[in-house]
Amino acid sequence: MALTGVQKTVLVCVASIALVVGAVVNKVTRPAPLDRNALQQAGVYLFDSPRALPEVSLRSAADQPWGLDDLNGQWDLLFFGYTFCPDICPTTLAELRQLMQKLPEDTQGQLQVTLVSVDPNRDTPEQLASYLEFFNAGFAGATGDSDQLATLAKALSVAYIEPDTSSENYLVDHSGQVVIVDPQGRYVGFIRPPLNTDQLALWLPRIMAQE
C-alpha cells in the first residue's frame, strides 16, 4: 500500500530522531579522549601507536617457559629489577601492590604485574618465587639468559648494566620505569617513578578501556 504524504513525513521524522538519539547515546557511552598532559603529570606516557615486541625465551618464577604468549590476553605492567636490589625494586613493587589494591576488582582481574629480573646469576625461578611471595599480591616473575633479557629490555627501552659478578654483594644498575603492555602483547607506554598510586588508580582503568 502506498504511503501518504503525511505517513512519509512521519517516517522521515522518526528516522531522524533515531539517528540523533543514536549519536547522543554513542557520544555519552564512548570513553572521553585521554588528556595526554594530565597523564604525563601522573607519570604516564603513552605512545601514539603500539609497538610490537620480539619473541623471547625466558623462565617464569614457576620454572615454566615464559615468552610473548604470556603477555597476551590481559594488560601487563612489567618492571625490570632484581631480588637483591636494596631500594628501588622493593619500593616499586610495594607501590605496585598498593596500586592493585586501589583498582576496581574488574580492573585487577585484567592486569598482571611481572618482575623481570636482570640478575639471572642469582635470581633463579625459586628465588624469584620466594621473593614475590613476600608482597602477597599475585605478582609474576621471569628471568633468563642475558641475551634474551637484553632483547626484551631493548625493545621496551629499559636500560640496565650487566654487573661484575665476581663481587659477592654486587649491585645491578637499572632504570626504574614500569612498562605498560596491552592484551595484544604490544608496548603501549610506560610509567615513570615514583609511582603516584592514587592518580594511577584513576587513570589505568580509563587507559585499559580506551585501547
Side-chain angles (χ1 to χ4, degrees), residues 51-101 103 108-188 190-195 197:
R51 303 178 183 180
L53 295 180
E55 290 287 351
V56 292
S57 179
L58 302 176
R59 299 295 292 182
S60 73
D63 202 14
Q64 298 295 318
W66 189 95
L68 195 55
D69 286 346
D70 293 274
L71 300 177
N72 289 324
Q74 75 286 318
W75 286 84
D76 292 270
L77 297 180
L78 305 183
F79 175 67
F80 284 67
Y82 63 112
T83 68
F84 290 84
C85 179
D87 40 39
I88 296 175
C89 299
T91 297
T92 301
L93 289 171
E95 291 172 341
L96 287 170
R97 178 178 61 183
Q98 293 173 6
L99 170 60
M100 291 294 284
Q101 292 171 342
L103 291 171
Q108 292 179 31
Q110 301 172 47
L111 186 63
Q112 175 67 61
V113 174
T114 300
L115 169 64
V116 180
S117 173
V118 292
D119 184 18
N121 182 59
R122 293 179 295 190
D123 284 345
T124 62
E126 293 78 13
Q127 170 64 20
L128 268 175
S130 176
Y131 181 76
L132 292 170
E133 282 179 4
F134 171 78
F135 296 94
N136 192 31
F139 292 166
T143 191
D145 294 340
S146 297
D147 59 339
Q148 294 291 304
L149 288 169
T151 296
L152 182 60
K154 181 179 179 180
L156 295 170
S157 305
V158 173
Y160 68 95
I161 300 175
E162 291 193 23
D164 177 4
T165 59
S166 62
S167 172
E168 181 179 357
N169 297 313
Y170 61 85
L171 300 177
V172 184
D173 290 327
H174 62 92
S175 53
Q177 75 263 34
V178 175
V179 173
I180 307 172
V181 177
D182 72 9
Q184 287 74 49
R186 302 175 301 180
Y187 178 27
V188 297
F190 62 92
I191 306 168
R192 281 187 175 173
L195 306 187
T197 57

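- Between the side chain of Asp182 and the backbone N or O of Arg186, at least one donor-acceptor pair lies under 3.5 Å.
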- Report the C-alpha distance between Asp87 and Cys85 in whole Å, list the side-chain angles of each, state the deciding distance to 0.1 Å, and finish with yes or no for side-chain contact (heavy atoms from CB on, under 4.5 Å). CA-CA 6 Å; Asp87 40 39; Cys85 179; 4.0 Å; yes
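- Of the candidates Leu115, Val113, Leu156, Val158, Leu156 is the only one forming a side chain to side chain contact (heavy atoms under 4.5 Å, CB included) with Leu78.
- Both the sub-6.0 Å distance and the 45° axial angle are satisfied by Arg122 relative to the ring of Phe84.
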- Please step through side-chain contact (heavy atoms from CB on, under 4.5 Å) for the pair Leu96 and Phe135, ending with a clear verdict. CA-CA 10 Å; Leu96 287 170; Phe135 296 94; over 6 Å; no
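- Among all heavy-atom pairs drawn from Gln148 and Ser57, the shortest one is OE1-N, 2.7 Å.
- The distance from the CE atom of Met100 to the OG1 atom of Thr197 is 13.0 Å, given to the nearest 0.5 Å.
- A donor-acceptor pair is defined here as one N or O able to donate and one able to accept, closer than 3.5 Å; such a pair exists between the side chain of Tyr82 and the backbone of Val172.
- More than 12 heavy atoms of other residues, nucleotides or ligands sit less than 6.0 Å from atom CG of Asp147.
- For Asp123 against Ser117, the heavy-atom pair with the smallest separation is OD2-OG, 2.5 Å.
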- Message: Does Tyr187 form a side-chain contact (heavy atoms from CB on, under 4.5 Å) with Asp76? I'd like the steps, not just the answer.
- Response: CA-CA 10 Å; Tyr187 178 27; Asp76 292 270; over 6 Å; no
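- Of all non-hydrogen atoms in Ala61 and Leu132, the two that sit nearest each other are CB-CD1, 4.4 Å.
- Closest approach of Pro54 to Thr151, counting heavy atoms only: CG-CG2, 3.8 Å.
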- Apply side-chain contact (heavy atoms from CB on, under 4.5 Å) to Leu93 and Tyr131, showing your working. CA-CA 11 Å; Leu93 289 171; Tyr131 181 76; 3.6 Å; yes
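- Looking at Gln112, its side chain does come within 3.5 Å of a backbone N or O of Gly138 through a donor-acceptor pair.
- Distance CD1/Ile180 to CG/Leu77: 6.5 Å, rounded to 0.5 Å.
- Expressed to the nearest 0.5 Å, how far CD of Gln98 lies from CG of Leu195 amounts to 9.5 Å.
- A distance of 9.5 Å separates CG of Asn72 from CG of Leu53, quoted to the nearest 0.5 Å.
- For the atom pair CG (Leu71) and CG (Leu152), the distance works out to 7.5 Å, reported to the nearest 0.5 Å.
- Listed for the Ser175 side chain is no donor-acceptor partner under 3.5 Å among the backbone atoms of Gln177.
- In this structure, Ala137 and Arg97 approach most closely via the heavy-atom pair CB-CG, 3.9 Å.
- Between the side chain of His174 and the backbone N or O of Phe80, at least one donor-acceptor pair lies under 3.5 Å.
- In plain terms, the two heavy atoms of Ser157 and Arg51 that are nearest each other are OG-NH1, 4.4 Å.
- Atom CZ of Phe134 sits in a sparse spot, with 12 or fewer heavy atoms from other residues, nucleotides or ligands closer than 6.0 Å.
- Atom-to-atom distance recorded for Leu149:CG and Thr143:OG1 is 5.0 Å, nearest 0.5 angstrom.
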